[in-house]
Chemist: 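Below is one structure. I have some questions about it.
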Protein chains: 2
Amino acid sequence: MRAVALNLFARHGYAAVSMRQIAGEVGVQAGALYNYTPDKQSLLFDLMKDHMDQLLGAWSEHPAAPNAVAALEAFTRFHIRFHAARPEAVFIAYMELRNLSPENFLVIEKLRQGYEAEIETLLRQGISEGVFDTPDPKIATRALIAMLNGVNTWFREEGRLSLPDVEDLYWSMVRKSVAV
Amino acid sequence: MRAVALNLFARHGYAAVSMRQIAGEVGVQAGALYNYTPDKQSLLFDLMKDHMDQLLGAWSEHPAAPNAVAALEAFTRFHIRFHAARPEAVFIAYMELRNLSPENFLVIEKLRQGYEAEIETLLRQGISEGVFDTPDPKIATRALIAMLNGVNTWFREEGRLSLPDVEDLYWSMVRKSVAV
DNA sequence: GTCTATATTACGATAGAC
DNA sequence: GTCTATCGTAATATAGAC
């Protein structure tokens with residue numbers, strides 16, 4: 001059910017997908033879904049929460065880098081790979097925030113801010129090492145994440161560029177954009 | 001009606017907003033709206049089409065720059081200012097693409113590609129002038145636009161940074177990211 | 001645990017009076 | 001040009017049989 005919901009929410013949007021549609025693709029009647037989720041809102045929240053937990057978990061398990069440049073490169077490649085591997089979850093995580101209840105939104109938003117804070121710390125380390133030059137690390141972090149998130153709007157497995165190609169192209173731009 | 005629809009679609013999403021809601025905020029009954037639009041889909045399409053026409057029109061009226069660096073700076077500042085001035089239309093233009101009918105989607109997508117093509121041309125000019133170094137201008141264009149679009153996710157008029165501040169920060173990153 | 005059936009509410013769109 | 005009223009449909013969620 002969750003896999004089906006993820007796919008349908010990503011393709012048509014949370015509000016445009018009915019419990020009947022999800023049930024139809026799962027192969028059961030709509031009523032049966034309520035054995036697995038108390039309501040449609042919880043289904044959306046669980047999908048987004050899981051995604052953010054996996055993102056933060058995967059990044060926290062990443063090996064430490066010897067210096068800020070290496071750390072930023074590791075982040076760039078990690079972020080691209082992680083997001084390219086789960087385009088549907090990413091799409092939902094950024095597009096369906098406004099369909100979360102206020103309480104649920106706060107939970108997800110806090111997780112997102114946590115991720116952002118890690119990258120900001122990384123930029124600040126590079127500044128103190130003297131290898132990065134960016135006057136506002138908070139804004140620079142958001143700019144970089146937005147740039148990297150953009151990959152998912154066009155990247156296709158079967159396209160002209162391989163994922164390592166994409167990583168190289170973006171790392172080149174990321175590196176230069178905050179360079180001294 | 002269109003102003004109200006723009007606001008409600010941006011806040012709650014096209015699928016989650018009813019004609020009754022729009023009518024309520026306009027101050028009429030739902031039936032009266034159909035004197036101004038044949039249906040809800042046309043209402044969405046017209047909002048998005050107008051936005052794209054205004055974007056392309058405003059950029060085409062922009063004075064020519066003496067060289068590629070000046071042109072890229074002009075684009076960066078134009079894009080940020082234009083988008084910051086109409087956050088609701090921008091939000092809809094990027095979030096409601098999947099709620100367009102297939103024919104309507106093609107129209108909007110073609111306009112979007114036209115905008116992208118102009119920026120790509122600009123990057124290619126800088127490469128031939130020897131002032132830009134980016135191995136894949138198409139991807140670099142998308143990366144830059146994604147980065148600049150990100151401004152709208154956090155910028156607030158009353159915030160810590162003024163719009164000229166934001167322009168300066170982003171222009172610094174854009175410039176360096178494609179520099180030789 | 002899934003089914004059928006249904007309660008309740010809301011949707012987009014239209015008809016016809018004024 | 002807006003209103004009230006309504007058609008036909010579909011939504012979320014629940015109840016109770018099996």
Side-chain angles (χ1 to χ4, degrees), chain A residues 1-51 88-89 91-93 95-108, chain B residues 1-51 88-89 91-93 95-108:
Chain A
M1 174 190 68
R2 290 160 60 97
V4 167
L6 189 77
N7 178 260
L8 287 176
F9 288 167
R11 274 163 49 203
H12 308 295
Y14 171 78
V17 173
S18 69
M19 295 298 272
R20 281 174 177 78
Q21 263 180 283
I22 298 170
E25 292 228 352
V26 170
V28 296
Q29 292 300 313
L33 297 181
Y34 291 86
N35 288 314
Y36 301 95
T37 182
D39 50 40
K40 194 183 168 191
Q41 168 69 208
S42 301
L43 183 51
L44 174 64
F45 174 70
D46 288 345
L47 292 173
M48 295 179 69
K49 175 75 160 57
D50 271 14
H51 172 69
E88 295 175 335
F91 202 65
I92 291 171
M95 303 274 282
E96 304 295 356
L97 286 168
R98 63 186 168 184
N99 286 313
L100 288 173
S101 69
E103 317 85 73
N104 287 343
F105 174 80
L106 286 179
V107 175
I108 300 296
Chain B
M1 172 190 65
R2 291 160 58 97
V4 167
L6 189 76
N7 179 259
L8 287 176
F9 288 167
R11 275 163 47 204
H12 308 294
Y14 171 77
V17 173
S18 69
M19 294 298 273
R20 282 172 175 80
Q21 259 181 286
I22 298 169
E25 291 228 352
V26 170
V28 296
Q29 291 300 313
L33 296 181
Y34 290 87
N35 289 313
Y36 302 94
T37 182
D39 49 41
K40 193 184 171 191
Q41 167 70 206
S42 302
L43 183 52
L44 173 63
F45 174 69
D46 289 346
L47 292 173
M48 294 177 71
K49 176 76 161 56
D50 271 15
H51 172 69
E88 294 175 336
F91 201 66
I92 290 170
M95 302 274 281
E96 303 296 355
L97 286 169
R98 62 185 168 185
N99 285 314
L100 289 173
S101 69
E103 320 84 73
N104 286 344
F105 174 79
L106 287 179
V107 175
I108 300 296

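Just so it is clear, the structure is predicted and the values come from calculations on it, not from any experiment. In what follows, every chain begins at residue 1, and chains take the letters A, B, ... in the order their sequences are listed. Atoms considered below: every heavy atom in the structure, side chains included; atoms not considered: hydrogens, waters and symmetry mates.
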Chemist: Rounded to the nearest angstrom, tell me the gap between atom NZ in B:K40 and atom C1' in C:dT14.
Modeler: 17 Å
Chemist: Figure out the CE/P separation between B:M1 and C:dA13, and round it to whole Å.
Modeler: 12 Å
Chemist: Contact class for B:V17 vs. all strands (heavy atom < 4.0 Å): base, sugar-phosphate, or nothing?
Modeler: sugar-phosphate
Chemist: With rounding to the nearest 0.5 angstrom, report the CG to NZ distance, A:N99 to A:K40.
Modeler: 8.0 Å
Chemist: In terms of side-chain heavy atoms of B:Q29, which of D:dA11, C:dC11, D:dC3 is nearest?
Modeler: D:dC3
Chemist: Whole Å only: how far is the CG atom of B:D39 from the C1' atom of C:dT14?
Modeler: 13 Å
Chemist: Starting from C1' on D:dA13, measure out to CE on A:M19 and report it in whole angstrom.
Modeler: 9 Å
Chemist: Specify the separation, in whole Å, of atom CG of A:N35 and atom P of C:dT2.
Modeler: 6 Å
Chemist: Provide, to the nearest angstrom, the distance between the CD atom belonging to B:Q41 and the P atom belonging to C:dC11.
Modeler: 18 Å
Chemist: Name the closest nucleotide to the B:Y34 side chain, picking from D:dA13, D:dG1, C:dT14.
Modeler: C:dT14
Chemist: Please determine, for the side chain of A:V28, which listed nucleotide (D:dA13, C:dC3, D:dG1) has the closest atom?
Modeler: C:dC3
Chemist: Roughly, in whole Å, what's the span from CG in A:L8 to P in D:dA11?
Modeler: 12 Å
Chemist: Rounded to the nearest 0.5 Å, how far apart are CE of B:M95 and CD of A:E96?
Modeler: 7.0 Å
Chemist: Between D:dA13, C:dG1, C:dG12, which one does the side chain of A:Y36 approach most closely?
Modeler: C:dG1
Chemist: What nucleotide, of C:dG12, C:dT2, D:dC3, holds the atom closest to the side chain of B:A32?
Modeler: D:dC3
Chemist: Between A:L8, A:L47, A:L6, which is the residue that forms a side-chain contact (heavy atoms from CB on, under 4.5 Å) with A:E88?
Modeler: A:L6
Chemist: I'd like to check B:L43 versus B:I22 (side-chain heavy atoms, cut-off strictly below 4.5 Å). Are they in contact?
Modeler: yes
Chemist: From C-beta outward on B:S18, which listed nucleotide comes closest to its side chain: D:dA13, C:dC11, D:dC3?
Modeler: C:dC11
Chemist: Counting side-chain heavy atoms from CB outward, which of D:dA13, D:dT2, C:dA13 is closest to B:R20?
Modeler: C:dA13
Chemist: Could you state the atom-to-atom distance from CD1 of A:I22 to C1' of D:dA11 in whole Å?
Modeler: 12 Å
Chemist: With side chains defined as the heavy atoms from C-beta onward, is the minimum distance between B:L100 and B:M48 less than 4.5 Å?
Modeler: yes
